[in-house]
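Chain naming here is simple, since letters A, B, ... match the order of the sequence lines and numbering starts at 1 in each. Not measured: the values here are computed from a predicted model.
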Protein chains: 2
Amino acid sequence: MSPTIEKQAKIFNALADERRLRILSMLKGCERCACAIKDELDLPQSSLSYHMKILCDSGLVTDRREGKWTYYSINRSGCMFAAGLIETIPTVEGGCCPERKGDEQ
Amino acid sequence: MSPTIEKQAKIFNALADERRLRILSMLKGCERCACAIKDELDLPQSSLSYHMKILCDSGLVTDRREGKWTYYSINRSGCMFAAGLIETIPTVEGGCCPERKGDEQ
DNA sequence: ACCTCAAATCCAAAAATTTAGATGTGTTTA
DNA sequence: TAAACACATCTAAATTTTTGGATTTGAGGT
């Protein structure tokens, strides 16, 4: 079964914000705690928390609590899944253009 | 030079809407004129036009005028470009986590 | 128990997006 | 030239998202 269109939109929505793209970029290769991201991007704490929730809910990022701190990191499988969604877009499936049957290329 | 974060956000924003995802799905494999999309999705004409503009501006879709009609189709290179953007996210670049040096896997 | 800190959640205001009717533009047909 | 058509653009209202201060929760520390 293919992923629901709601889930797809949710993932792309998480990526559709410059701040969140910057956060993802910061998480490349290593996890970071919320305060480090907040300081580097100079965001109010509640605002950072809001964006991290969107990233986590989309599946692109995971969080890990450790004592008082929350560490965030890239969820590789979530990102690979997202990349796959776009790759299917320019794929010819056939059958949608009867008037063009046999007209590939 | 890597694509600006604004351009990336613009592309993902175009993908972050269920209607637009449906439109992209309709365009798989063949071009369609605006009226066909409008009828199939049952959208007011101005609304369809609004969404098509977002898709075109993002580079995911191209338009072609032919007389009174406008035909839309997937812009493969735009989609491949978008897929590539996500693939780079979970890529370890190194250098961002000095305290974890040599700690891969 | 009390205080501090990290972070989530609440909430109302601000900003941005989306909607859909009205209007404008360019094309085709009569 | 006029009328019909396809579509873009304009516009204001409706809706959604984002912001940021205040509050809450939960984990240490003293």
Could you state the CG-P distance from B:L48 to D:dA8, rounded to the nearest angstrom?
8 Å
Would you mind reading off the distance between B:D39 atom CG and D:dC5 atom P, rounded to a whole angstrom?
14 Å
Taking A:K38 for the side chain and A:C33 for the main chain, is one N or O donor matched with an acceptor at less than 3.5 Å?
no
Between A:K38 (NZ) and D:dT19 (P), how many Å, whole number?
15 Å
Mind checking B:S49 for me? I need base, sugar-phosphate or nothing, with any heavy atom below 4.0 Å counting as a touch.
base
For the residue pair A:L21 and B:F12, establish whether any side-chain heavy-atom pair is separated by less than 4.5 Å.
yes
Do any pairs count as a salt bridge (charged side-chain N to carboxylate O under 4.0 Å, His left out) and have a residue in residues 3-21 of chain A, sequence neighbours left out, and if so which ones?
A:E18-A:R22
Give me, pair by pair, the N or O atoms of the protein and of nucleotides 12-14 of chain C that are less than 3.5 Å apart, along with how far apart they are.
none

From CH2 of B:W69 over to P of C:dG26, roughly how many Å is that when rounded to an integer?
18 Å
I want to check one thing: is the phosphate of D:dT19, taken as OP1 and OP2, less than 4.0 Å away from some side-chain N or O of A:H51?
yes
How many angstroms lie between atom NZ of B:K28 and atom CG of B:L24, to the nearest 0.5 angstrom?
9.5 Å
Scoring nucleotides 20-30 of chain D by protein non-hydrogen atoms under 4.0 Å (B base, S sugar-phosphate only, - none) yields BBB----BS--
Supply the atom-to-atom distance B:L15 CG to B:L60 CG, rounded to the nearest 0.5 angstrom.
5.0 Å
A:L85 CG to A:E87 CD distance, which is reported to the nearest 0.5 Å:
9.5 Å
Rounded distance in Å - CE (B:M52) to C1' (D:dA8)
13 Å
What is the distance from atom CD1 of A:I11 to atom CG of A:L55, rounded to the nearest 0.5 Å?
11.5 Å
How many whole angstroms separate atom CD of B:E18 from atom C1' of C:dT17?
15 Å
Nearest whole angstrom, please: distance from the P of C:dA7 to the CD1 of A:I23.
13 Å
Could you tell me whether the side chains of B:S73 and B:N75 share a donor-acceptor contact shorter than 3.5 Å?
no
With a non-hydrogen cut-off below 4.0 angstrom, is B:Y72 in contact with a base, only sugar-phosphate, or nothing?
sugar-phosphate
Who passes salt bridge (charged side-chain N to carboxylate O under 4.0 Å, His left out) against B:D57, sequence neighbours left out?
B:K53
Any side-chain hydrogen bond (donor to acceptor under 3.5 Å, both in side chains) pairs touching residues 40-49 of chain A, not counting sequence neighbours?
A:R32-A:E40
For A:I54, answer base if it contacts any base atom (sugar-phosphate contacts may also be present), sugar-phosphate if it contacts only those atoms, and nothing otherwise; contact means non-hydrogen atoms under 4.0 Å.
sugar-phosphate
I want to check something: taking the side chain as every heavy atom from C-beta on, are A:M26 and A:I37 in contact at a cut-off of under 4.5 Å?
yes
Report, one pair per line, the protein and nucleotides 11-17 of chain D atoms (nitrogen or oxygen only) whose separation is under 3.5 Å.
none

Which part of the nucleic acid, if any, lies within reach of B:K53 when heavy atoms closer than 4.0 Å are counted: base, sugar-phosphate only, or nothing?
sugar-phosphate
At what distance, to the nearest 0.5 angstrom, does CG of B:L27 lie from CD1 of A:I89?
10.0 Å
